[in-house]
Amino acid sequence: MSSSGSSSKIPPVVANYTAKGERGKLGDIDCYFTGKKGSKRGIFVNYDAFRYHPNVFQICDILGSLGYYVVAPDLFRGEPLTMDDLGNPVAMGKFMQNSGSWNTSKPNYVQGIEYLRNSGATSVGVIGFCWGGKVALTSLQELDGIVGGAIIHPARVTSDDFAKINAPLLALPYNDVDLEMFKKGYEELGTRPFGAKCCLESFVDVVYGFCGPRGDWSDPAIAKRVNDAIQLVAAFFDDLMPN
């Protein structure tokens, strides 16, 4: 995947950030909106399991500045997981079966994507962080009309997921995941009509969640890798949704 014109316009991320977008609602769900409403290019963002965070807003704002209209719903409705929940199998099981499940998220995906289209987007992509990466990947299996998806340090992706994807995928796995599984999955994607549009780039030198709430962007090394990830995402979607 070649770099895009947008990539040269991406500013360095900063550690202390004030979001530039707007808060509003779609139905009963709070959302973050940023970018140019009316753009023909829309992106639906699924944050990670922990919460809304300035890091995620900053990435949304950067994509908005590149000409996309971006919506990021509060899919967990103000009740995300906590770090303590990660070690609690009861809490994790409840999360995966309820607020973190595809069945719960699907209506919000449909609603958000429809909103973007009604706002002028003729092409819509999806982005998911961590657990949201798994859910975003599922949207590429279950929903029609999504031009492609980017999953950033995705969680709980399995080999079965690749066989069901119906659109191009950019995956940015982190150092703890089964990279061999991803590589085999991408061999399968390479046989599809959209295979040449898919891209796999591993971030083996950073911690899990580096683009989300757990990323310490005051660390120059982490901030650089975040910008590397944003450049890949921008190039991927620019290729799928050219101006």
(request) Please lay out, stage by stage, how Ser202 and Phe182 fare under the test side chain to side chain contact (heavy atoms under 4.5 Å, CB included). (result) CA-CA 9 Å; Ser202 61; Phe182 269 89; over 6 Å; no
(message) Leu170 vs Phe237, test: side chain to side chain contact (heavy atoms under 4.5 Å, CB included). Steps then yes/no.
(response) CA-CA 9 Å; Leu170 167 67; Phe237 283 122; over 6 Å; no
(request) For side chain to side chain contact (heavy atoms under 4.5 Å, CB included), just list the numbers for Leu172 and His153, CA-CA rounded to whole Å, side-chain angles, deciding distance to a tenth of an Å, and then say yes or no. (result) CA-CA 6 Å; Leu172 307 181; His153 39 73; over 6 Å; no
(message) Show, in sequence, the C-alpha distance, side-chain angles and deciding distance for Tyr68 and Lys36, and conclude whether the side chain to side chain contact (heavy atoms under 4.5 Å, CB included) test is met.
(response) CA-CA 6 Å; Tyr68 295 93; Lys36 183 180 179 181; over 6 Å; no
(request) Could you please spell out the steps behind the salt bridge (Lys or Arg N to Asp or Glu O under 4.0 Å) verdict for Glu187 and Lys184? (result) CA-CA 5 Å; Glu187 289 177 4; Lys184 289 179 180 178; over 6 Å; no
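If you look at Tyr115 and Phe33, their ring centroids are closer than 6.0 Å. Between Tyr32 and Tyr47, a ring centre-to-centre spacing not shorter than 6.0 Å is recorded. Close placement of the Tyr174 and Tyr208 rings is indicated, their centers lying within 6.0 Å of each other.
Using a 4.5 Å cut-off between side-chain heavy atoms of Ile, Leu, Val, Met, Phe, Trp and Tyr, with links allowed through other members, Val14 and Phe210 fall into different hydrophobic clusters.
The two atoms that bring Met181 and Thr158 nearest to each other are SD-C, 3.8 Å, heavy atoms only. Shortest non-hydrogen contact noted between Asn108 and Phe44 is O-CE1, 3.5 Å. Between Lys106 and Leu143 the shortest heavy-atom distance is CE-CD2, 4.0 Å. Lys25 and Asp30 get closest at one heavy-atom pair: NZ-OD1, 2.8 Å. Listed here is the closest heavy atom pair of Ala234 and Ile10: CB-CD1, 4.0 Å. Across every non-hydrogen atom of Leu240 and Gly148, the tightest pair is CD1-CA, 3.9 Å.
At a threshold of 4.5 Å between non-hydrogen side-chain atoms, the residues Pro11 and Ile62 count as touching. In this structure, the side chains of Pro168 and Val147 stay at 4.5 Å or more apart for every pair of heavy atoms. Phe203 is not listed as a side-chain neighbour of Pro173, based on a closest heavy-atom distance of 4.5 Å or more. Contact of the Val124 side chain with the Ile43 side chain is not registered, since no non-hydrogen atoms from C-beta on lie closer than 4.5 Å. A 4.5 Å side-chain heavy-atom check between Asp161 and Gln141 finds at least one atom pair inside the cut-off. Contact annotation: the side chain of Val204 approaches that of Leu179 to within less than 4.5 Å [non-hydrogen atoms, C-beta and beyond]. With contacts defined as side-chain heavy-atom distances shorter than 4.5 Å, the pair Phe129/Asn46 does not qualify.
Remark: Leu169 CG to Leu140 CG distance equals 6.5 Å, nearest 0.5 Å. In this structure, CG in Asn166 is found 7.5 Å from CG in Asp144, a value given to the nearest 0.5 Å. The distance from atom CG of Leu137 to atom CZ of Arg156, rounded to the nearest 0.5 Å, is 14.5 Å. Here the CD1 atom belonging to Ile230 is positioned 7.0 Å from the CD atom belonging to Gln58, to the nearest 0.5 angstrom. Atoms CD and OG, from Glu142 and Ser105 in turn, are 12.0 Å apart once rounded to the nearest 0.5 Å. Distance check: Cys60 SG to Ile127 CD1 gives 7.0 Å after rounding to the nearest 0.5 Å.
A donor-acceptor contact shorter than 3.5 Å is absent between the side chain of Asn55 and the backbone of Cys211. Formation of a donor-acceptor pair under 3.5 Å by the Thr191 side chain with backbone atoms of Glu188 is found in this model. For Tyr109 (side chain) and Ser139 (main-chain N/O), no donor-acceptor pair under 3.5 Å exists by modelled atom type. A donor-acceptor contact shorter than 3.5 Å is absent between the side chain of Arg41 and the backbone of Thr122. In this structure, Thr138 contributes its side chain and Lys134 its backbone to a donor-acceptor pair below 3.5 Å. Within the 3.5 Å criterion, the main-chain N or O of Ala163 finds a donor-acceptor partner in the side chain of Arg192. When atom types are taken as modelled, the side chain of Asp219 and the backbone of Asp216 share no donor-acceptor pair closer than 3.5 angstrom.
Pairs engaging residues 14-24 under the side chain to side chain donor-acceptor pair (under 3.5 Å) rule: Tyr17-Asp61 [sequence neighbours left out].
Under the 4.0 Å criterion applied to side-chain N and carboxylate O atoms, Asp228 and Lys224 are assigned as salt-bridge partners.
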